[in-house]
Undergrad: 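Mind having a look at this structure? Questions to follow.
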Amino acid sequence: MSYSDWMSQLPAELHTAPLFKLAIPGSHDSMSYDLDVHSRIIEPERLIRFSKIYCLRKIVQTWAATQEASVTEQLNAGVRYFDLRIARKPNDTDPTKLYFHHGLYTRTDVETILREINIWAESHRKEIVILSLSHFEGFDKRIASQLHQHLINFIKEVFGAKLLLKTNTPTLMGCWNEGKNLIVSYDHPSYSHSFNFLWRKITYYYGNSMDRTQIIAKLCQGLEKEKSPQYFFVCGLNPTLPHSPSILKYILRFCDNFTNVARRGLPKMLRWVKQQYNKTPMNIIASDVVTRDNFVATVVKLNLEKRR
């Protein structure tokens, strides 16, 4: 199976299954491979005032980068869900220019990446891509409405007829028949309710810990709520750095970085996924370092387990 076109290669009986009942590989903090070490620090909040210190920005970049591959490389690898955290730089001379963020801003702006995704989607019409837009950092009250409207207009302009309108039971076959292959979730109820091409927030379950045992326990609690899923939901395998002084035991490992930590833990998390899949439903399964350790293959093959 070629994972660049894995959806089109699924068995025929899955073509009419709701998309929220398929196992779909996703990436956590999808744009964090592109963090700009020369930008100001956005988070943790207590470090913002030290943004001028280069070595501190470098540490933030090292421990905030959760992905190694570009968006197009992730798409080619088989990833179909993208966690896109939007931000506006303060005092930007371009009033509507937006970036992504995770600790720092990205080098590449939002419009450039959405165009890149559109180019890929244009040549892979049977692959359904889910974009989750959230956070909207720096959308100050006085300009928030303008920024949201500009972004939404651009989404409509760049993706056009490929945008799947909201429906209760989206399926592969339904998307293919309509020529649609992009789903945009917009984590702002005022706007997701107002536009028929903006889907509501997708719940993201995660462990909020660096300890695999705690991550698994919290994920199990979340998955129990999705026994009969009626909408998309995410099982996030990603570890999370603590927001306390204990973070120092990680970031002061000068020969280590977050992607190495995530990579070391991913094989065990994937073993848990394969065991847990028979107990509770899983839909989007998101991870860091998505091109490593057969992550995509493991998730996609879960769809074939349903046939046995």
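Heavy atoms only: backbone and side chains are in, while hydrogens, waters and symmetry mates are out. Each residue takes its place number in the sequence, starting with 1.
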Undergrad: In plain terms, say whether Asp211 and Lys218 are close enough for a salt bridge, that is, a side-chain N and a carboxylate O under 4.0 Å apart.
TA: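 No, this pair does not count.
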Undergrad: With the threshold set at 4.0 Å, does a side-chain nitrogen-carboxylate oxygen contact exist between Glu111 and Arg115?
TA: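 Counted as a salt bridge, because a side-chain N and a carboxylate O are separated by less than 4.0 Å.
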Undergrad: Check whether the side chains of Gln67 and Ser27 place a donor and an acceptor atom closer than 3.5 Å, and report yes or no.
TA: no
Undergrad: So, are Arg80 and Glu127 salt-bridged, with charged N and O less than 4.0 Å apart?
TA: yes
Undergrad: Kindly indicate, with the supporting measurements, whether the criterion salt bridge (charged side-chain N to carboxylate O under 4.0 Å, His left out) is fulfilled by Arg85 and Asp29.
TA: CA-CA 7 Å; Arg85 306 181 183 200; Asp29 269 309; 3.0 Å; yes
Undergrad: With the side chain counted from C-beta on, respond yes when Arg40 and Arg57 share a heavy-atom pair under 4.5 Å apart, and no when they do not.
TA: no
Undergrad: Considering all heavy atoms of both residues, which atom of Thr291 and which atom of Ala77 are nearest to each other, and what is their separation?
TA: CG2-CB, 3.9 Å
Undergrad: Are Lys166 and Trp199 in a cation-pi contact, defined as NZ or CZ under 6.0 Å from the six-membered ring centre and within 45° of the axis?
TA: no
Undergrad: Taking all atoms of both residues into account, what is the closest heavy-atom pair of Ala87 and Phe139, and its distance?
TA: C-CE1, 4.5 Å
Undergrad: Is there a ring pair (Phe, Tyr, Trp, His ring centres under 6.0 Å) between His148 and Tyr186? Walk through the geometry before answering.
TA: CA-CA 10 Å; His148 282 294; Tyr186 204 87; 5.7 Å; yes
Undergrad: So Phe295 and Leu270, side chain to side chain contact (heavy atoms under 4.5 Å, CB included) or not? Walk me through it.
TA: CA-CA 7 Å; Phe295 165 70; Leu270 290 177; 3.7 Å; yes
Undergrad: Indicate yes or no: does Glu68 engage Arg263 in a salt bridge with an N to O separation below 4.0 Å.
TA: yes
Undergrad: May I ask you to decide whether Glu305 forms a salt bridge with Lys274, counting only side-chain N to carboxylate O separations under 4.0 Å?
TA: no
Undergrad: Pair Thr16, Thr171 - check side-chain hydrogen bond (donor to acceptor under 3.5 Å, both in side chains), show working.
TA: CA-CA 5 Å; Thr16 53; Thr171 66; over 6 Å; no
Undergrad: Using a strict 4.0 Å threshold on nitrogen-to-oxygen distance, state whether Arg107 and Asp34 make a salt bridge.
TA: yes
Undergrad: State whether Asp92 and Lys89 are salt-bridged, where the test is any N-O pair (Lys NZ or Arg NE/NH1/NH2 against Asp/Glu carboxylate O) under 4.0 Å.
TA: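 Salt bridge: no.
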Undergrad: Does one hydrophobic cluster hold both Met173 and Ile24, with members joined at side-chain heavy-atom distances below 4.5 Å?
TA: yes
Undergrad: Identify the two heavy atoms, one from Val60 and one from Ile41, that lie closest to each other, and give their separation to 0.1 Å.
TA: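 The pair with the smallest heavy-atom distance is CG2-CD1, 4.1 Å.
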